[in-house]
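Every chain is numbered from 1 and lettered A, B, ... according to where its sequence line falls, protein lines coming before strand lines. As a basis for the values below, the full set of heavy atoms in this structure was taken, side chains included, without hydrogen atoms, waters or symmetry mates. This is a predicted model, so every value here is computed, not measured.
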There are 2 protein chains.
Amino acid sequence: MTTGHATPAEEACTDALPTAALSGPVSHAVSRVARLHRIAAGKALRGVDLYPGQELLMMHLWDRGAVRQTELIRALDLDPSTVTKMLQRLEQTGHVRRRPDPADRRAVLVEATDESCALHTAVEAAWGSLEEHTLAGLEPAERTELVRLLAKIEENLCREAEDCPDRR
Amino acid sequence: MTTGHATPAEEACTDALPTAALSGPVSHAVSRVARLHRIAAGKALRGVDLYPGQELLMMHLWDRGAVRQTELIRALDLDPSTVTKMLQRLEQTGHVRRRPDPADRRAVLVEATDESCALHTAVEAAWGSLEEHTLAGLEPAERTELVRLLAKIEENLCREAEDCPDRR
DNA sequence: AACTTTACCTTGGTCGGCCAATCAATGGGT
DNA sequence: ACCCATTGATTGGCCGACCAAGGTAAAGTT
């Protein structure tokens, strides 16, 4: 793929030679991989009544118990409004319960419902199988290298986003 | 990051130790990188009146001229309905023109408007600068390795998606 | 104590993106 | 010629995610 030659069979999953891929091969790849990954996650999660993205929120709740919404925002690194709406939907589907924080009358405490805990293992299994499938055919060394490189570009992107300056 | 130790300073951009990251480090990283990358793209594209995602569509049109919608769907590898809605918005903002295909009365031909072509260079510059920024600090060897690994996992994910079986 | 700033969350709007279902036109099979 | 399967595109509904703006409560200032 980095070399110029490509047999017709090999370019099955790729378009011919879009300038997007030439002008920004990594950006291009990241977009495509992310999209495919999200679709795969969606399929794996369909059986547990969760939509992709929600599983990370739930995992955090399962991990930490009752937390205030701000912590979710910080941990998931999402927009506050996004979390609000996700929680509204998760509450409606009975996965999550919200109650006012007695210590701070403007804050909200969030926790996973007991019923949702039944999904815990299923979700982790799905997440693990997704990971395994994503990395199929990669040797251990390649995997750690991939993680290292992804962490590097994440930090690059994070720096520009100026999300990091404050101690999040 | 794969090792257990992490100084307080180093985990600045990462949450403490979410099971999500342990249970699927690559999946986790892909999500985060993709999100940050999209935000960065959004910032870079804000000056050109385009939203992230639209630039790829426009680049394809600039490349290939008038194409039918099916080709966009295939090339961008998106859901048909997604493309339809994107085109409706792009048409409304004057970046794109649509007309019926004389050869096939159910198809639609899409092409970039002349005005949109003015953005061509700006978009490619933005895309290139985004790429450069994403890869800041990575040596050439690391970059090609990253591309190679991303391509590998893309193929893995693509295979499961069963989008590939037919000759796209 | 009164005022100002900051923190926590919500609402409204917009986009990209998916799925499921639908309609219209083409093309094959008999 | 007819019927049926396939292809091209659209609609409606939903979710994740963003931004901008607003409202309320806590903390900091004077």
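- Contact check on A/R148 versus A/E145 returns a salt bridge, with a Lys/Arg side-chain nitrogen under 4.0 Å from an Asp/Glu carboxylate oxygen.
- Remark: P of D/dC14 and CZ of A/R46 are 16 Å apart, rounded to the nearest angstrom.
- Hydrophobic clustering (side-chain heavy atoms under 4.5 Å, transitive across Ile, Leu, Val, Met, Phe, Trp, Tyr) groups B/V67 together with B/V123.
- Using a 4.0 Å cut-off between a side-chain N of Lys or Arg and a carboxylate O of Asp or Glu, B/R106 and B/D101 do not qualify as a salt bridge.
- Here D/dG16 presents its P atom at 17 Å from NE2 of A/H37, a figure rounded to the nearest Å.
- Residues B/L56 and B/V48 fall within the same hydrophobic cluster, defined by Ile, Leu, Val, Met, Phe, Trp and Tyr side chains chained together at heavy-atom separations under 4.5 Å.
- Linking ILVMFWY residues whenever their side-chain heavy atoms come closer than 4.5 Å, directly or via other members, places B/L150 and B/L138 in the same cluster.
- Look at CD1 on A/I73: it is 13 Å from P on C/dA7, rounded to the nearest Å.
- Listed by chain and number, the residues in a ring pair (Phe, Tyr, Trp, His ring centres under 6.0 Å) with A/W62 are A/H120 (sequence neighbours excluded).
- Linking ILVMFWY residues whenever their side-chain heavy atoms come closer than 4.5 Å, directly or via other members, leaves B/V110 and B/Y51 in distinct clusters.
- The interatomic distance linking A/M58 (CE) with D/dG16 (C1') rounds to 16 Å, in whole Å.
- What separates CG of B/L87 from P of D/dT11 is a distance of 12 Å, to the nearest Å.
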For nucleotides 15-17 of chain C, which of its nitrogen or oxygen atoms have a protein nitrogen or oxygen under 3.5 Å away, and what is each distance?
unit_1, atom_1, unit_2, atom_2, d
C/dG16, OP1, B/Q54, NE2, 2.5
C/dG16, OP2, B/R89, NH1, 2.8
C/dG16, O3', B/R38, NH2, 3.4

**Prompt:** Does the salt bridge (Lys or Arg N to Asp or Glu O under 4.0 Å) test come out yes or no for B/E111 and B/R99, once each step is laid out?
**Reply:** CA-CA 9 Å; B/E111 60 185 346; B/R99 69 181 134 90; 3.3 Å; yes
For nucleotides 3-8 of chain D, list the nitrogen or oxygen atoms of the protein found under 3.5 Å from its nitrogen or oxygen atoms, one pair per line.
unit_1, atom_1, unit_2, atom_2, d
D/dT7, O2, B/R106, NH1, 2.4

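- B/D101 has its CG atom 19 Å from the P atom of C/dA24, to the nearest Å.
- For the residue pair A/S27 and B/H37, a side-chain donor N or O sits within less than 3.5 Å of a side-chain acceptor on the partner.
- With rounding to whole Å, A/D77 atom CG is found 8 Å from D/dC18 atom P.
- A donor-acceptor contact under 3.5 Å is not formed by the side chain of A/S81 with the base of C/dC9.
- Taking atom CD on A/E71 and atom P on C/dC9, their separation rounds to 11 Å, with Å as the unit.
- Proximity of A/Q88 to the phosphate of C/dT11: a side-chain N or O atom is located under 4.0 Å from OP1 or OP2.
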